[in-house]
A.B. asks: 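One structure follows; several queries about it will come next.
Letters go in sequence order (proteins before strands), and every chain restarts at 1. Note that this is a predicted model, so its numbers are computed, not measured.
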Number of protein chains: 2
Amino acid sequence: MALEKLGTEIRREQIVEAALSLIAAQGVRRLSVAALARRVGLVPSALYRHFKSKQEILDAAVQLVQRRGLDNLKEVCASTPNALERLKLLLMRVIKMIRELQAMPRIVFSEGVSADHPERKRQAYVILTGFLSAIEGIMREGQERGEVRTDLDAKTLAVMFWGMLPPVVILWHMSDGAFDVTRQAERSWELFSEAIRAR
Amino acid sequence: MALEKLGTEIRREQIVEAALSLIAAQGVRRLSVAALARRVGLVPSALYRHFKSKQEILDAAVQLVQRRGLDNLKEVCASTPNALERLKLLLMRVIKMIRELQAMPRIVFSEGVSADHPERKRQAYVILTGFLSAIEGIMREGQERGEVRTDLDAKTLAVMFWGMLPPVVILWHMSDGAFDVTRQAERSWELFSEAIRAR
DNA sequence: ACCCTATGTGAATATCTATTCACATTTTGC
DNA sequence: GCAAAATGTGAATAGATATTCACATAGGGT
């Protein structure tokens, strides 16, 4: 018996937060409606009052993570016009986010969320390429402003910038948080920024 | 009814190859004993004559992938003493492997295989860090031979080298093979090698 | 206060999956 | 050739999971 009845807005939030929390602890694969309900303090069937299906819950969790990612991007671009500064800030923001919102890496890398359904996969691809386009935009601006080398392909650079994250994320997870993501990110950034800085 | 009875060695091979094939097509999560059996041309219960459990089949598949990865590493180190040459060869080898053995990226990134079981996760970590150590070793040799800058941390470089792969892999998968992994890998390598080459 | 809607419950259901088990058949070794 | 072992089958089982459904209750609006 739930302690009280709550409106659907509040419950939906609780459910999504519970999902993120459980995903962080156990991964997407082991996320069950039963565990979710327990976490929120309801019975499993109650969740269907607020979401049509388990997949809808997952979708909502993905969107939340995505929104936070985009927020980071916006804040970073608003804080400085310098391309390299932006990129560094963004990198550090994302690293921070990985540490705090631990479900994020699991969601991003999980095939349970997107990769086994054509439409969702396409959507995820659109989101990812959108992110890469934004990075690419920063690179181009940097090139126009004389901050970034112009003899390098901005798109390639965007992908490489992104490439600083997965190894860090994976090692962090596999080592149960023992791997020093911040240091690795900083060092990677140093080398990368030195390599792409205009001369 | 199977066309013929085959010894366990042959069947085991067939089953593991079937696993890799299905994982490539559908991912680890959707790999079922029933689909595996169908693929091999047996009934599901027959698989238990050759493997104790589904997890054992998965473990065997992981080991196969791993072995091929190590083979690549050995061959590369045997083919040239030059560190940067080795690394480039290795990168291209892995890219080739990704294209041919499509199950590999799915296995590597899947939490269905390792991340939700402490012992397996640790094992995967040991394997991964072993791979990174080998790369690190190549970097150090390169530094000793005057091929690679000595002012950079070999460990960091190893992780960054590895970082060239995941974005490529992910984009390749999400775009259903449309993303040009080879070109991205080559460009990444050019920038990376230029950045770390001794001056 | 009353009625309707929103929310929660508990039981049932359907589906899927991995695995066991008893029987059948083929293969191997003596 | 015979017996034992290896391999394959089909039915059954157990477990887990997502979801539906009918009933109950709380909350909000009139």
A.B. asks: Roughly how many Å is it from CD in Glu4(A) to P in dG28(D), rounded to a whole number?
C.D. replies: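 Checked: the CD to P distance equals 11 Å.
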A.B. asks: Remaining members of Leu6(B)'s ILVMFWY cluster at a side-chain heavy-atom cut-off under 4.5 Å?
C.D. replies: Ile10(B)
A.B. asks: Take the protein atom CG of Leu42(A) and the nucleotide atom C1' of dT19(D), then report the distance between them rounded to whole Å.
C.D. replies: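 Spelled out: CG on Leu42(A) to C1' on dT19(D) is 16 Å.
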A.B. asks: Where along nucleotides 17-24 of chain C does protein come under 4.0 Å, by heavy atom, of base (B) or sugar-phosphate alone (S), with - for untouched nucleotides?
C.D. replies: -SBBBBBB
A.B. asks: Quick one: list whatever passes side chain to side chain donor-acceptor pair (under 3.5 Å) with Gln66(A), sequence neighbours left out.
C.D. replies: none
A.B. asks: What's the CD1-P distance between Ile57(A) and dT17(D), to the nearest Å?
C.D. replies: 15 Å
A.B. asks: List for me each residue that meets side chain to side chain contact (heavy atoms under 4.5 Å, CB included) alongside Lys155(A), sequence neighbours excluded, and say none if there are none.
C.D. replies: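 In terms of side chain to side chain contact (heavy atoms under 4.5 Å, CB included), with neighbours along the sequence ignored, Lys155(A) is linked to Glu136(A), Asp153(A).
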A.B. asks: What residue pairs, at least two apart or across chains, pass salt bridge (charged side-chain N to carboxylate O under 4.0 Å, His left out) with a residue in residues 160-175 of chain B?
C.D. replies: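 Listed by first then second residue: nothing to list.
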A.B. asks: Just how far, in rounded Å, is P of dT27(C) from CD of Glu9(B)?
C.D. replies: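 One finds 18 Å between P of dT27(C) and CD of Glu9(B), rounded.
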A.B. asks: Which residues pass the side chain to side chain contact (heavy atoms under 4.5 Å, CB included) test with Gln184(B), not counting sequence neighbours?
C.D. replies: Thr156(A), Val159(A), Met160(A), Val168(B), Phe179(B), Ser188(B)
A.B. asks: Between C1' on dT9(C) and CG on Leu6(A), what's the gap in Å once rounded to a whole number?
C.D. replies: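 So the CG-C1' distance, Leu6(A) to dT9(C), works out to 16 Å.
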A.B. asks: Using whole Å, report how far CZ of Arg38(A) lies from P of dA18(D).
C.D. replies: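 Rounded to the whole Å, the gap is 11 Å.
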A.B. asks: Near Glu194(A) CD, under 6.0 Å, is it more than 12 heavy atoms from other residues, nucleotides or ligands?
C.D. replies: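 Correct, the count exceeds 12.
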A.B. asks: Rounding to a whole Å, what distance do you find between Leu47(B):CG and dT9(D):C1'?
C.D. replies: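 Distance check: Leu47(B) CG to dT9(D) C1' gives 12 Å.
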A.B. asks: Under 4.0 Å: is that the gap between some side-chain N or O of His50(A) and OP1 or OP2 of dA6(C)?
C.D. replies: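 Indeed not, no polar side-chain atom of His50(A) lies that close.
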